[in-house]
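Note sheet for the following structure.
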Amino acid sequence: MKASRKELTRRRHARIRRRVFGTPERPRLAVFRSNQHIYAQIIDDTIHHTLVAASSVEPNVLEDEAGATQESAAVVGKLVAERALEAGITQVVFDRGGKLYHGRVAALANAAREAGLSL
């Protein structure tokens with residue numbers, strides 16, 4: 001029986017999370033993409049704590065870009081990078097959350113790099 005798309009995403013995410021771990025020196029930039037929005041968190045996995053977060057449902061992001069677009073993902077990537085730099089975080093390890101590195105996920109990562117975050 002062929003696996004569903006959701007099952008394939010779950011398997012990819014589990015495979016990625018076996019290797020990707022956020023430390024205090026290099027926390028994990030976790031991306032969650034839904035059909036309507038995109039969310040990004042910087043997480044220290046040693047203490048299980050979210051250090052910085054940004055999403056496309058925030059009012060300042062919604063007025064700039066609306067909907068599930070690469071432009072809104074880029075705004076979220078820039079915002080999470082700015083907040084990370086303010087918190088003293090310069091390097092992160094990227095966790096794409098089982099999604100393919102393409103489209104909105106790649107746009108968020110590229111915008112975070114351009115804003116000064118080292119992925």
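Remember, predicted model here, so these are calculated numbers, not experimental data.
Side chains of His49 and Leu51 form a contact here, defined as non-hydrogen atoms less than 4.5 Å apart. Considering only heavy atoms from C-beta on, Arg26 stays 4.5 Å or farther from Ile89 through its side chain.
Leu85 and Ala115 make their closest contact through CD1-O, 3.3 Å (heavy atoms, listed as atom of the first residue, atom of the second, distance).
Atom OG1 of Thr90 is separated from atom CG of Leu117 by 7.5 Å, given to the nearest 0.5 angstrom. In this structure, Ile43 CD1 and Thr50 OG1 are separated by 4.5 Å, a value rounded to the nearest 0.5 Å. With values rounded to the nearest 0.5 angstrom, Glu58 atom CD is found 5.5 Å from Leu79 atom CG. The distance from the NZ atom of Lys99 to the CG atom of Leu108 is 14.0 Å, given to the nearest 0.5 Å. Atom CD of Gln36 and atom OG of Ser72 lie 11.0 Å apart (nearest 0.5 Å). Atom CZ of residue Phe94 and atom CG of residue Leu119 lie 6.5 Å apart, to the nearest 0.5 angstrom.
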Quick one: do Arg12 and Arg96 satisfy side-chain contact (heavy atoms from CB on, under 4.5 Å)? Show the steps, please. CA-CA 10 Å; Arg12 256 194 317 271; Arg96 57 192 169 98; 4.1 Å; yes
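The backbone N or O of Ala53 lies less than 3.5 Å from a partner atom in the side chain of Arg83, making a donor-acceptor pair. Counting only distance, with no hydrogens or angles, the side chain of Arg104 and the backbone of Ser34 share a donor-acceptor pair below 3.5 Å.
Taking the six-membered ring where the residue is Trp, Tyr39 and Phe32 present tilted rings, their angle falling between 30° and 60°.
Heavy atoms from other residues, nucleotides or ligands lying under 6.0 Å from CD of Glu7 number more than 12.
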